[in-house]
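In what follows, chains are A, B, ... by sequence order, proteins preceding strands, each numbered from 1.
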2 protein chains.
Amino acid sequence: MTDAKTKAAATSAVRGRRSASFLNPGLVLDAAMVIIERDGPDALTFRRLGIELKADHTAVLRHFGSKDDLLIALADRLMEEALASFVPSENWRETLLSLARRIRSAALAHPGVAVLVAARPPRQAEVLRAADAAIGALRQAGLSARDAAMYYLVLADASMAAAAYEAAIVSLDSGAREGDQRAWRRQYLTASPQKYPHLASAAQHLADVNDQDEFETLIGLLLDAVELRAQTHTGNAGETERGGT
Amino acid sequence: MTDAKTKAAATSAVRGRRSASFLNPGLVLDAAMVIIERDGPDALTFRRLGIELKADHTAVLRHFGSKDDLLIALADRLMEEALASFVPSENWRETLLSLARRIRSAALAHPGVAVLVAARPPRQAEVLRAADAAIGALRQAGLSARDAAMYYLVLADASMAAAAYEAAIVSLDSGAREGDQRAWRRQYLTASPQKYPHLASAAQHLADVNDQDEFETLIGLLLDAVELRAQTHTGNAGETERGGT
DNA sequence: ACCTGAACACCGTTCAAGT
DNA sequence: ACCTGAACACCGTTCAAGT
């Protein structure tokens, strides 16, 4: 890192120019985040990047081979931002809850980026650290290595999927989002109590739920069930009773 | 419906032509589904629709005002397909499990469509019927109307989000998907056991998990936790102990 | 009432040319 | 070693014109 910077500075000094290149991957990613958060995910184009960076729109291709490469790099940056300040707690539930909340916060802080990159697994050391902490927490709860692996995947993917889903709705242009929301509320609030008695009796409660409560409830339910299974297995004999593969 | 068809037939008879219009919304949606499943979600363009329908690419705009309108109609069709054959079971867990599985099956049968439309709530009577059955199942489990509303949303959105997440990964062009998969597996299978002891001990188990087992585990955990809370509340006094609003 | 086709303002990516 | 700018093969959407 420092080495590369030094070398770049030396090169430009030798050439007697301000710099050999005024663009670098970090600057491109900064500009990409700015564009997405300011103008939405659809606004991320090479031509807009060119304007933002005051360079020709094809110059970016010297640092990222394609738009897909740019998206993968954005995924890494988002995950790094989500997990950099994470520290495992002594309490295993706290550890897992903190990870889930960090994923959601990062996705909602940059919904446009989250929508673009949710399906791309990051290639980032931070993720290994978080995965290790999460699996450790599940072992601490009393689960076998195999169960811990499965429940880690369920928790991680459920958090990612729920966060991306919320981000996708937030990322719709506000016109479409409000139209959708209004249409759906109207539909269940005015549903026939004869045809849909259960829906009608719960309709007002449905309208009252907010997204954060829903996410917290989702994670809370999953952790409750994990805790229940960990206790059951411990109570049985410290081994799962299901047969091997 | 029949009325409109009759009128259209009469018009073409009067005109002495084969038909007043050879395009209609149903034909356009059929063609859109064919294109997406055959060539991927990015291939859904008006020009490709024009070729598929043997019409000018702007003719579609006579039936759907914009591409967004087309996507909303596709969302409706996908949800209708998922829920049309659904019948509630006497067992509340079966009812909820069946709904979750139907959502996943529909999304994986048409992953390209699912990716495009996951964030758009459908405006479809089938969804009201399913929501009523799901909330009824939760009441049957012993939950209050408010808890049933919350848990319905959690279950429905978790199913949708997980199905859309899986569909998004399936929809990546196979080159990108395999590269992602390989990179991520390699990362945790070769992770340093000193730095990441818990991850290293669970790595082989992580590699063995398949997507369907993961989805079933997710829904199983959620239903277990819902059952646990329903029992707890019933045991207390038939009322939740938390304060109002 | 529906379809056509030209046109407009955009895309990502390639490639020869500059410095 | 990096940037430029023309070019190519695409997009969604509009609009005057046909039948």
Between CZ of B/F22 and C1' of C/dT4 the distance, given in whole Å, is 10 Å
When rounded to whole Å, the CG to P distance for the pair B/D68 and D/dG12 reads 13 Å
Residue pairs meeting salt bridge (charged side-chain N to carboxylate O under 4.0 Å, His left out), one or both in residues 110-119 of chain A, sequence neighbours left out, come to none
Note: contacts of residues 111-123 of chain A with DNA chain C (heavy atom, under 4.0 Å) are none
Residues pairing under side-chain hydrogen bond (donor to acceptor under 3.5 Å, both in side chains) where one sits in residues 40-53 of chain B, two or more places apart or in two chains, turn out to be B/R38-B/E52, B/D39-B/R48
The complete set of salt bridge (charged side-chain N to carboxylate O under 4.0 Å, His left out) pairs with one or both residues in residues 53-63 of chain A, sequence neighbours excluded, reads none
Taken in chain and number order and not counting sequence neighbours, the residues that satisfy side-chain hydrogen bond (donor to acceptor under 3.5 Å, both in side chains) with B/R102 are B/S85, B/S98
Residues at least two apart in sequence or cross-chain that pass salt bridge (charged side-chain N to carboxylate O under 4.0 Å, His left out) with B/R185, listed by chain then number, are none
From CZ of B/F64 across to P of C/dC3 the rounded distance in Å is 12 Å
Pairs under 3.5 Å (N/O, protein and nucleotides 7-11 of chain C):
unit_1	atom_1	unit_2	atom_2	d
C/dC11	OP1	A/T45	OG1	3.4

Applying ring-ring contact (aromatic ring centres under 6.0 Å, His included) to B/Y188 and not counting sequence neighbours gives B/W184
From CG of A/N24 across to C1' of D/dC3 the rounded distance in Å is 14 Å
Across all chains, not counting sequence neighbours, the side-chain hydrogen bond (donor to acceptor under 3.5 Å, both in side chains) partners of A/D211 are none
5'-most contact on DNA chain D (nearest-nucleotide basis), B/L61 vs A/K54, goes to A/K54
- Message: I'd like to know if B/D76 and B/R120 make a salt bridge, using a cut-off of under 4.0 Å between side-chain N and carboxylate O.
- Response: no
Testing C/dG5, D/dT4, D/dT13 for proximity to the side chain of B/D56, the answer is C/dG5
A/L49 CG to C/dG12 C1', in whole Å, measures 12 Å
Counting only Watson-Crick and G-U wobble pairs with both atom distances below 3.5 Å, the stems of 3 or more consecutive pairs that include DNA chain C are C:4-8 with D:12-16, C:12-16 with D:4-8
B/R62 CZ to D/dT19 P, in whole Å, measures 17 Å
message = Less than 4.0 angstrom from a charged side-chain N to a carboxylate O is my criterion; do A/R77 and A/E80 meet it?
response = no
Between side-chain atoms of residues 152-163 of chain A and protein atoms elsewhere (two or more places apart, or another chain), which donor-acceptor pairs fall under 3.5 Å?
unit_1	atom_1	unit_2	atom_2	d
A/S159	OG	A/L155	O	2.8

Sorted by chain and number, sequence neighbours left out, salt bridge (charged side-chain N to carboxylate O under 4.0 Å, His left out) with A/E214 holds for none
Separation of C/dT4 atom C1' from B/L23 atom CG, nearest Å, is 13 Å
